[in-house]
Amino acid sequence: MTGRLSPGTLAGLPAAIARPRYDRAGLDVGVVHIGLGAFHRAHQAVYTDDALNAVPGAWGICGVSLRSPDTRDALRPQAGLYTVGVRDEEGERLRVVGSVVETLVAPEDPAVVLARLADPRVRVVTATVTEKGYCHNPATGELADSHPDIRHDLLNPTQPRTLAGFLVEALRRRRAAGRPPFTVLSCDNLPGNGEVTANILRAYAAMLEPDLDHWIADNVSCPSSMVDRIVPATTADDRARISAALGVEDAAPVVTEPFTQWVFEDRFPTGRPAWEDFGAEPVADVRPYEAMKLRLLNASHSCIAYLGYLAGYQTVAETIA
């Protein structure tokens, strides 16, 4: 094995490994994703990669980490390229994904992240920050205004730490510049994630600047979504196996299952990638799909896990087998 996965080594990969068919150097950043983890890179970034393969252009992704630089540090020497390994009983199929064209770490330079969010070319902001990242009370859906990071952001709006702090400050700048707002699409597994997002943005904005909350309520779309794909943590064995198959080192692969689902409410006033052409489901109301997942998929998965544990198995896969 010689070298590192990069634009310069793409052409030398084995023919069976899929790779971007578009000119990455010609992409604009049209999507900012906050919470650059394995799930996003095996899910939303793959849908966007498919869309770019069909119609290259304005939908490159800037991935932002609110905490750790680890993913950025792994991806930057690879110019954002990484491998997705789709595994099932028949083996593993590899593809290199190229939709992530920029990676930022918010604590290192909040000003750069705010500038990217305020860029009028950015029309969609997606998020996978886990439930804790919304700094809200799960029982009520209201912003936890006593949260220390929220208090910090209100006192230091140009140096934010939280999802709400970054998004509202960027929206405030776009309003001041006469630029249209971006759509905010939560892809976290919490019921009514669009409504939760809208609530925390308006509540934070009301504390930051008079009438900003009303402007957000009138102009910023926060559709709900439902996502599903199993993406386990990447292991050292995964990295070694995938790098050997590539013939070059990939420091940031992700491994996942063949099944994937993405249902979202189709409210994107300034546009979005054509994700539906590659299996995503735009709908008017995501709530029936949330209920189906929680009651049929999640409940049955939990029951299998409980029974498997009592029977002495370590994993759901062993229990099913």
Side-chain angles (χ1 to χ4, degrees), residues 31-37 39-40 44 62-67 104 106-107 110 113-114 116-118 122-176 180-227 263-265 267-270 285-287 290 294:
V31 179
V32 171
H33 181 79
I34 299 179
L36 184 60
F39 181 81
H40 167 72
Q44 299 101 41
C62 169
V64 177
S65 171
L66 290 181
R67 301 291 181 220
L104 302 174
V113 176
L114 287 170
R116 173 56 75 193
L117 288 165
V122 171
R123 291 181 275 167
V124 178
V125 176
T126 55
T128 50
V129 294
T130 76
E131 187 171 350
K132 291 193 299 183
Y134 293 82
C135 299
H136 76 305
N137 182 335
T140 64
E142 296 178 355
L143 182 71
D145 54 12
S146 61
H147 191 288
D149 286 342
I150 293 294
R151 303 310 303 174
H152 168 275
D153 288 1
L154 289 168
L155 293 172
N156 305 274
T158 64
Q159 298 286 314
R161 297 173 178 170
T162 67
L163 177 70
F166 275 103
L167 294 183
V168 172
E169 175 62 16
L171 289 166
R172 186 192 66 78
R173 295 182 183 191
R174 290 173 81 120
R175 182 182 72 159
F182 42 69
T183 297
V184 183
L185 180 67
S186 169
C187 298
D188 280 296
N189 274 319
L190 63 161
N193 50 20
E195 183 177 353
V196 169
T197 302
N199 286 343
I200 67 164
L201 295 183
R202 291 195 297 263
Y204 180 90
M207 293 185 286
L208 182 68
E209 183 177 306
D211 296 325
L212 182 57
D213 57 325
H214 299 298
W215 182 83
I216 288 176
D218 292 340
N219 295 279
V220 180
S221 180
C222 297
S224 288
S225 73
M226 196 254 334
V227 299
V263 182
F264 55 82
E265 294 172 348
R267 296 186 282 113
F268 295 79
T270 56
D285 185 356
V286 83
R287 286 173 295 181
E290 287 181 342
L294 289 170

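- Scanning for side-chain contact (heavy atoms from CB on, under 4.5 Å) contacts around Arg173 gives Leu114, Ala118, Thr158, Glu169, with sequence neighbours left out.
- Under the 4.5 Å side-chain criterion, counting only non-hydrogen atoms from C-beta, Leu171 is in contact with Ile216.
- In terms of modelled atom types and a separation under 3.5 Å, the side chain of Glu290 and the main chain of Met226 share no donor-acceptor contact.
- By the 4.5 Å heavy-atom criterion applied to side chains, Leu104 and Ser65 are not counted as neighbours.
- Here CD1 of Ile150 is found 11.5 Å from NE2 of His136. Values are rounded to the nearest 0.5 Å.
- Across all their heavy atoms, Gly141 and Ile200 have their closest contact at O-CG2, 4.5 Å.
- Evaluation of the side-chain contact (heavy atoms from CB on, under 4.5 Å) rule for Asp218 yields no partner, not counting sequence neighbours.
- Under the side-chain hydrogen bond (donor to acceptor under 3.5 Å, both in side chains) criterion, the residue pairs touching residues 122-134 are His33-Thr126, His33-Thr128, Tyr134-Ser186, Tyr134-Asp188, with sequence neighbours excluded.
- Listed for the Arg116 side chain is no donor-acceptor partner under 3.5 Å among the backbone atoms of Val32.
- The shortest side-chain heavy-atom distance between Leu167 and Ile34 falls under the 4.5 Å cut-off.
- Looking only at side-chain heavy atoms (C-beta outward), Phe268 and Val124 come within less than 4.5 Å of each other.
- Distance alone, capped at 3.5 Å, is enough to place a donor-acceptor pair between the Arg174 side chain and the Pro180 backbone.
- Listed by chain and number, the residues in a side-chain contact (heavy atoms from CB on, under 4.5 Å) with Pro107 are Val105 (sequence neighbours excluded).
- When all heavy atoms of Pro223 and Thr183 are compared, the closest pair comes out as CD-CG2, 3.5 Å.
- In this view, Glu265 and Arg267 satisfy the salt bridge (charged side-chain N to carboxylate O under 4.0 Å, His left out) rule, not counting sequence neighbours.
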**Request:** Quick one: do Trp215 and Val220 satisfy side-chain contact (heavy atoms from CB on, under 4.5 Å)? Show the steps, please.
**Result:** CA-CA 8 Å; Trp215 182 83; Val220 180; 4.2 Å; yes
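- Pro110 and Gln159 make their closest contact through CG-OE1, 3.6 Å (heavy atoms, listed as atom of the first residue, atom of the second, distance).
- Contact check for Leu185 versus Val125: no side-chain heavy atoms found under the 4.5 Å cut-off.
- Nearest heavy-atom pair across Phe182 and Leu117 is CE2-O, 3.4 Å.
- The shortest non-hydrogen separation linking Ser224 to Asn193 is CA-OD1, 3.2 Å.
- Considering only residues two or more places apart in sequence or on other chains, Thr140 meets the side-chain contact (heavy atoms from CB on, under 4.5 Å) condition with Asn137, Glu142.
- Residue pairs satisfying the salt bridge (Lys or Arg N to Asp or Glu O under 4.0 Å) criterion with at least one member in residues 156-168, sequence neighbours excluded, are listed as follows: Asp149-Arg161.
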Review item, side-chain donor-acceptor pairs of residues 201-212, under 3.5 Å, at least two apart:
| unit_1 | atom_1 | unit_2 | atom_2 | d |
| --- | --- | --- | --- | --- |
| Arg202 | NH2 | Asn199 | OD1 | 3.0 |
| Tyr204 | OH | Asp153 | O | 3.2 |
| Glu209 | OE2 | Arg175 | NH2 | 2.3 |

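- The nearest pair of heavy atoms linking Leu163 to Val129 is CD2-CG2, 4.1 Å.
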**Request:** Apply side-chain contact (heavy atoms from CB on, under 4.5 Å) to the pair Cys187 and Gln44, showing each step before the final yes or no.
**Result:** CA-CA 9 Å; Cys187 298; Gln44 299 101 41; 3.6 Å; yes
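- For the side chain to side chain donor-acceptor pair (under 3.5 Å) test, residues two or more places apart in sequence or in another chain that qualify with Arg287 are Asp285.
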